[in-house]
Trainee: 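Below you will find the structure I want to go over with you.
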Amino acid sequence: MDEKGGGLPPYSAVAPPPPAWKRKKMRRSRGLKFLAVACMGFIAYAQWKQLPSRSEPAHGNVTVHGLSVSRLHDDLATCSKLRQKPQDPIGEGREKNARYIDGHAPTLIKNATVWVGEPAKGTSAADARKGKGYSWIKADVYLEYGLIKKVEADIAASSLPKGTHVFDAKSRPLTAGIIDMHSHAGVDSLPSLDGNEDTNELSADITPFVRSIDGIQPNDHQIQVIKSGGVTTSLVLPGSGNNMGGEAFAIKLAVGKPDGRNETSAADMLADPERNWRFMKMACGENAKRVYGRVGTQGPTSRMGESWEFRHAFEQASKLVRDQDDWCDAAAAVGVQNMKGYLPQELKWESLGALLRGQIHLNTHCYTIPDLEAFVDHTNEFKFKVRAFHHAHQTYLVPEILKRAYGGDTPASAIFADNMYYKAESYVGSEFAGKYLWDNDLTPIYVSDNPVLNAQHVLFEAAKGHKYGLPYHAALASVTTAPAERLGFGNRLGKIKPGFDADVVVWDSDPLEVGATPVQVWIDGTAQYEHPIELNKPAPKLIFPDESTATIVEEPVEMNSVIFTGITKVLGDVDVKGESKDAKSYSAIIRNGKVTCVGICTDEVRMATTAKIPVVELKDGHFTGSFTVLGSQIGLNAIDAEDSTDNGDNVNVFTRAEDALALDTKKLQAAYKYGVTKAITAPKFTDGKTHHGTSVGFLTGATNSLAKGAIFASDVAVHYSLDPNAKEAEGTPSLSAAVGALRRKLLQAATKLKKSNETIDPADLYSESTFLQKVVNGTLPLVLTIHNADIIAAVLRVKKDVEAVSGSKIHLAIFGGAESHLVADDLADANVGVILAPLQSYATSWDQRRALSGAPLTNGTAIDVLIEAGVTTAIGLEEDWLVRDLGLLAGIAYANSGGKLSEKGALGLVSGNVYKILGTKEPKVKDGHFVVFEGNPLRIQSRVKAVAGGLGVVSVF
């Protein structure tokens, strides 16, 4: 008891007076009572003496309170663990990587051009932020015991252990392995199958207790595909279907004995076997309220409800943390054996408690300003940190909110380069977000969200970030050092320095260049490919950072007439006046939106200058025709997931796209801005990747469909889908039924054609039957959305059957074509063109499972095989947001073609070839469709300087 509380009498040296009972004579009755009380007291005292002491267990293993001594001591040890604050694991000073497998020989990589990943010593932080002190260096890199041991010039092989492997980099670029900080590889395995879907635990909105490692499938082939893009580490997150998704795990992409490991397991893939840091995923915004919201029965149905779900969960975890701390403090004060209960523990809230204790790195999916602001408020209310906001489309708009996050450690933004418009919360975004974030002293990190994007090409996201203005060094950091630091692996991953993990990639070109491909990948010092396929490319030219590319021009100036000078190359379908190999540059004269001269236009320039026409001087100008997008829902949709902005599904009806054309949307404005002035769009069947009806050809810059020239072809082609979605239509429960139904419709059309005396009822002029008659007589193309090679083979047989009846040739084209390479010769023989969408399939669905992923795993992709076979090929789009990338996709095909494609041929993949396949007239340069670039449009540093889309004006940026 506390002396100050009056429990114990104060000590006194003076004897107190005798008690009253000593001063008075006791009566008999009172004496008897006293004697009885004394006897009872004696008995109680005797029993008490037989009990064990408070500080001693009753039977050795159990306390006076009946608790296990062993468990109490375990609880006390747990107290220590609860209060431990993890530290970033060390890099330098290790003799051996904890992931190293004994017996693996060291490797010397000679003659490399190395990107260290940090500025030279002595560079100030301010200068480093600007990119000063960063450079490529000539060096050899020595790998041993799973670590980078040396980065020096001219390391002598004779100085190294016997048996050291020697790899000649041939002066090619060498970087640290790429780190993807947002992936679902292994839990969302490809091809997608219901039985393998383990991305989200959707039994409840709050599931911090589940773990992605329990669903990772090491044999997911996509892991190998991802690694072939130079990715060596991925943070595998639970999905974003619920507000608290669970724990995440960082893995390296070396799996089993073929990759130099001793076992095939998720545990063996852990990037940090010592598990210094734990990771967690949460999500704000649309997803949780769409998945769980049931008005009147279940929430959340709003962002307000989501904030309550977050706060309530944090409250539960906070209570657990407080109760644990109270127990641990008491146990330390009075001794663990005197505790009346065990340490409070609840598995449901353990991980969330660890987050509040600072033992978990949190990554939160948040797009919008209200989501970001609410979650930052939660961090300050409950005192926890966020390492990064993911998707984070609007973070560039509110740097001040991010800087208010708890702990003084501003979260990074893990973003896509230009993927947007797919739902309401992604509708507000900018391709320049990376640069804007960087300019506000924030950290952009580019991620894949695999399989949303193919993580094999996550480096391409960083490359596009550079294209959109992010400095070169920051773009490379966004997939190396920045994610390494946010993961807590900044001392081990992301740099080429002694002491760092030996995760290394040698590239065939500058890693931020279009089409950059690994020549070899090492994980923990072990080469991942015994016989990697190497593309035929010239010696790499490193990108020289150009500060002028960081200038952003959001909105163009409209001009009717303009002069462009400094054009070094003409790649469009236009006659070049005075064309000469000796000419250093050309000019282009534009009057009233039309080209009047391209080439050595001396007289024209003089006259135009006299007329005071504006002159735009170009740096390495390139003049091309404009691009055409085919296959997406552009023009029929504004926000993919919002029904009110969408034309709708056409599963059981045959419709015309022209009848629902909706122009002047963000998607179309972005298309035009990046040189896509023409589009051919068909109604969708069940989703944006499937088609059913007739497509319309229109101008992306038109503001309404009645504008002059807005529609250049009302019914371009007839479209059907013969992918697995075909089974959703009435009457076609199987693919065989769908193919059979198409055959029957075509044969019926052929039969009607033979009855030439029949006239078409005016009501049927736009009917499916009438359009199919045009297909059968060869005047209208038939475009079938198919990926599977066997279904392609089936429709080639249908084509032959119908032609035998009609006596005419069907103009057939395949859209999709992931497996078309397997029947390339048959397609060429049948004169069937292919519009590849996507250009580089990654087998997201079963009907694409035999897609070619490209070097270093396969010798080329579908486009290489098709072109080699003589198949007319074009590039289409499955998703609308890709409109900005059309020229770059052509650049990938060009860069990786081994010289089989010319620059004009590559640009034809996104322009002229589309019209060759469809047999439709193309609006060309002479019709006012052209693009002016600074830099080669097939390379990453190109910038659109002007666009004309057949509307009589030129948009100059």
Side-chain angles (χ1 to χ4, degrees), residues 86-92 94 96-101 104 117 143 145-148 175-187 211-218 220 222-224 226-227 229-238 246-256 259-281 359-363 387-388 412 414 445 447-448 450 455 458 479-497 499-505 521-526 528:
Q87 300 294 319
D88 288 0
I90 65 166
E92 189 176 4
R94 293 180 294 166
K96 183 186 293 187
N97 185 337
R99 287 178 44 84
Y100 173 72
I101 303 296
H104 285 213
L143 317 177
Y145 297 126
L147 300 175
I148 298 171
T175 70
I178 303 303
I179 302 169
D180 184 6
M181 198 172 158
H182 187 137
S183 180
H184 304 294
V187 293
R211 309 182 303 177
S212 69
I213 195 171
D214 297 325
I216 292 175
Q217 298 203 40
D220 176 8
Q222 179 64 3
I223 290 173
Q224 299 299 329
I226 294 168
K227 180 172 62 182
V231 180
T232 55
T233 302
S234 296
L235 179 62
V236 179
L237 297 158
E247 287 198 66
F249 287 80
I251 63 171
K252 291 198 180 182
L253 306 187
V255 183
D259 294 347
R261 310 301 300 168
N262 279 344
E263 63 178 79
T264 301
S265 69
D268 185 66
M269 298 168 69
L270 289 175
D272 177 20
E274 297 158 349
R275 304 194 188 197
N276 289 278
W277 284 109
R278 295 164 67 184
F279 308 95
M280 184 175 285
K281 166 78 176 293
Q359 297 171 341
I360 288 182
H361 283 335
L362 177 62
N363 293 269
R387 298 298 282 182
I445 293 172
V447 296
S448 73
N450 186 91
V458 69
V479 287
T480 52
T481 53
E485 185 274 328
R486 292 285 86 187
L487 290 171
F489 299 148
N491 298 322
R492 289 189 175 182
L493 303 178
K495 297 179 183 178
I496 302 298
K497 293 180 61 179
F500 277 65
D501 287 7
D503 299 344
V504 178
V505 185
V521 177
W522 290 263
I523 295 180
D524 302 316
T526 299
Q528 296 298 292

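Sequence positions, counted from 1, serve as the residue numbers for this chain.
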Trainee: Would you say the side chain of Val255 lies within less than 4.5 Å of the side chain of Thr264, judging by non-hydrogen atoms?
Mentor: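 The answer is yes, as the side chains (C-beta and beyond) meet within the 4.5 Å cut-off.
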Trainee: Are the side chains of Thr233 and Asp503 in contact, using a 4.5 Å heavy-atom criterion?
Mentor: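 Touching, per the 4.5 Å side-chain cut-off.
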Trainee: What's the spacing between Arg94 CZ and Asn491 CG if we round to 0.5 Å?
Mentor: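 Here the interatomic distance stands at 9.0 Å.
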Trainee: Can you find a pair of side-chain heavy atoms, one from Trp277 and one from Asp88, that are under 4.5 Å apart?
Mentor: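 Yes, close enough: below the 4.5 Å cut-off.
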Trainee: Before giving the answer on side-chain contact (heavy atoms from CB on, under 4.5 Å), spell out for Ile216 and Ile251 the whole-Å C-alpha distance, their side-chain angles and the decisive distance to 0.1 Å.
Mentor: CA-CA 10 Å; Ile216 292 175; Ile251 63 171; 4.2 Å; yes
Trainee: Which atom pair, heavy atoms only, marks the closest approach of Thr481 to Gly117?
Mentor: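 For Thr481 versus Gly117, the nearest heavy atoms are CG2-O, 3.5 Å.
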Trainee: Do Arg387 and Glu485 have side chains that get closer than 4.5 Å, going by heavy atoms?
Mentor: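 Yes - at least one pair of side-chain heavy atoms lies under 4.5 Å apart.
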Trainee: So, for Ser265 and Pro218, which heavy atoms are closest and what is the spacing to 0.1 Å?
Mentor: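 Minimum heavy-atom contact is C-CG, 3.8 Å.
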Trainee: Between Thr175 and Ile496, does the side-chain contact (heavy atoms from CB on, under 4.5 Å) criterion hold? Intermediate values first, please.
Mentor: CA-CA 7 Å; Thr175 70; Ile496 302 298; 5.6 Å; no
Trainee: Identify whether NZ of Lys or CZ of Arg in Lys495 sits under 6.0 Å from the centre of the six-membered ring of Phe500 and within 45° of that ring's axis.
Mentor: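 No, Lys495 does not sit over the ring of Phe500.
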Trainee: Between the side chain of Arg261 and the main-chain N/O of Ile101, is any donor-acceptor distance below 3.5 Å?
Mentor: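 Absent.
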Trainee: Check this for me, if you would: do Glu92 and Arg492 make a salt bridge, where the nitrogen-to-carboxylate-oxygen distance has to be below 4.0 angstrom?
Mentor: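 Result for this pair is no, no salt bridge flagged.
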Trainee: Could you go through the side-chain contact (heavy atoms from CB on, under 4.5 Å) check for Arg486 and His361 one step at a time?
Mentor: CA-CA 8 Å; Arg486 292 285 86 187; His361 283 335; over 6 Å; no
Trainee: Is the CZ atom of Arg211 crowded by more than 12 outside heavy atoms at less than 6.0 Å?
Mentor: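 Counting neighbours around CZ of Arg211, 12 or fewer heavy atoms of other residues, nucleotides or ligands fall under 6.0 Å, so no.
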Trainee: Tell me the closest heavy-atom pair linking Gly146 and Tyr100, and the distance in Å.
Mentor: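 Shortest heavy-atom separation between Gly146 and Tyr100 comes out as N-CD1, 3.5 Å.
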Trainee: Using 0.5 Å steps for rounding, measure from the CG atom of Asn97 to the CG atom of Leu143.
Mentor: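 Rounded to the nearest 0.5 Å, the CG-CG separation comes to 11.0 Å.
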Trainee: Counting distance only, does the side-chain N/O of Ser212 pair as donor-acceptor with the main-chain N or O of Val236 below 3.5 Å?
Mentor: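 Judged by distance alone, yes, a pair lies under 3.5 Å.
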Trainee: Give a yes or no answer on whether the side chain of His182 reaches the backbone of Leu235 with a donor-acceptor pair at less than 3.5 Å.
Mentor: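 The answer is no, because no donor-acceptor pair under 3.5 Å joins these two groups.
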Trainee: Restricting to non-hydrogen atoms, name the atom on Ala185 and the atom on Ile226 that form the minimum distance, rounded to 0.1 Å.
Mentor: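 Where Ala185 meets Ile226 most closely, the heavy atoms are CB-CD1, 3.7 Å.
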Trainee: For the residue pair Gln87 / Asn276, report whether a side-chain donor-acceptor contact shorter than 3.5 Å exists.
Mentor: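 Note: Asn276 and Gln87 side chains miss the donor-acceptor criterion.
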Trainee: Check Asp259, Asp524, Asp272 against Lys252 for a side-chain contact (heavy atoms from CB on, under 4.5 Å) and give me the one that passes.
Mentor: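 Of the listed options, the one satisfying the test is Asp524.
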Trainee: Which heavy atom in Pro238 sits nearest to a heavy atom in Glu247, and how many Å separate them?
Mentor: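 For Pro238 versus Glu247, the nearest heavy atoms are CG-O, 3.4 Å.
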Trainee: So do Leu147 and Asp501 actually touch side chain to side chain, heavy atoms under 4.5 Å?
Mentor: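 SC-SC contact between Asp501 and Leu147 confirmed.
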Trainee: Does the side chain of Asn363 come within less than 4.5 Å of Met280's, by heavy atoms?
Mentor: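 A side-chain contact under 4.5 Å is absent here.
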Trainee: Check whether any side-chain heavy atom of Asn450 lies under 4.5 Å from a side-chain heavy atom of Gln222, and answer yes or no.
Mentor: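 Result yes, sub-4.5 Å side-chain heavy-atom pair found.
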Trainee: Taking the side chain as everything from C-beta on, heavy atoms only, tell me whether Ile179 gets closer than 4.5 Å to Val479.
Mentor: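 No, too far: nothing below the 4.5 Å cut-off.
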Trainee: Do the side-chain N and O atoms of Ser448 and Asp180 include a donor-acceptor pair separated by under 3.5 angstrom?
Mentor: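 Present: a donor and an acceptor within the cut-off.
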Trainee: Between Ala484 and Leu493, which heavy-atom pair has the shortest distance, and what is it?
Mentor: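 Of all heavy-atom pairs spanning Ala484 and Leu493, the closest is CB-O, 3.2 Å.
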Trainee: Quick check for you: to the nearest 0.5 Å, what is the distance between Arg99 atom CZ and Met269 atom CE?
Mentor: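 Arg99 atom CZ to Met269 atom CE measures 8.5 Å (nearest 0.5 Å).
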Trainee: Backbone N or O of Leu253 within a donor-acceptor pair of the Lys227 side chain at under 3.5 Å?
Mentor: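 Looks like yes, one N/O pair under 3.5 Å.
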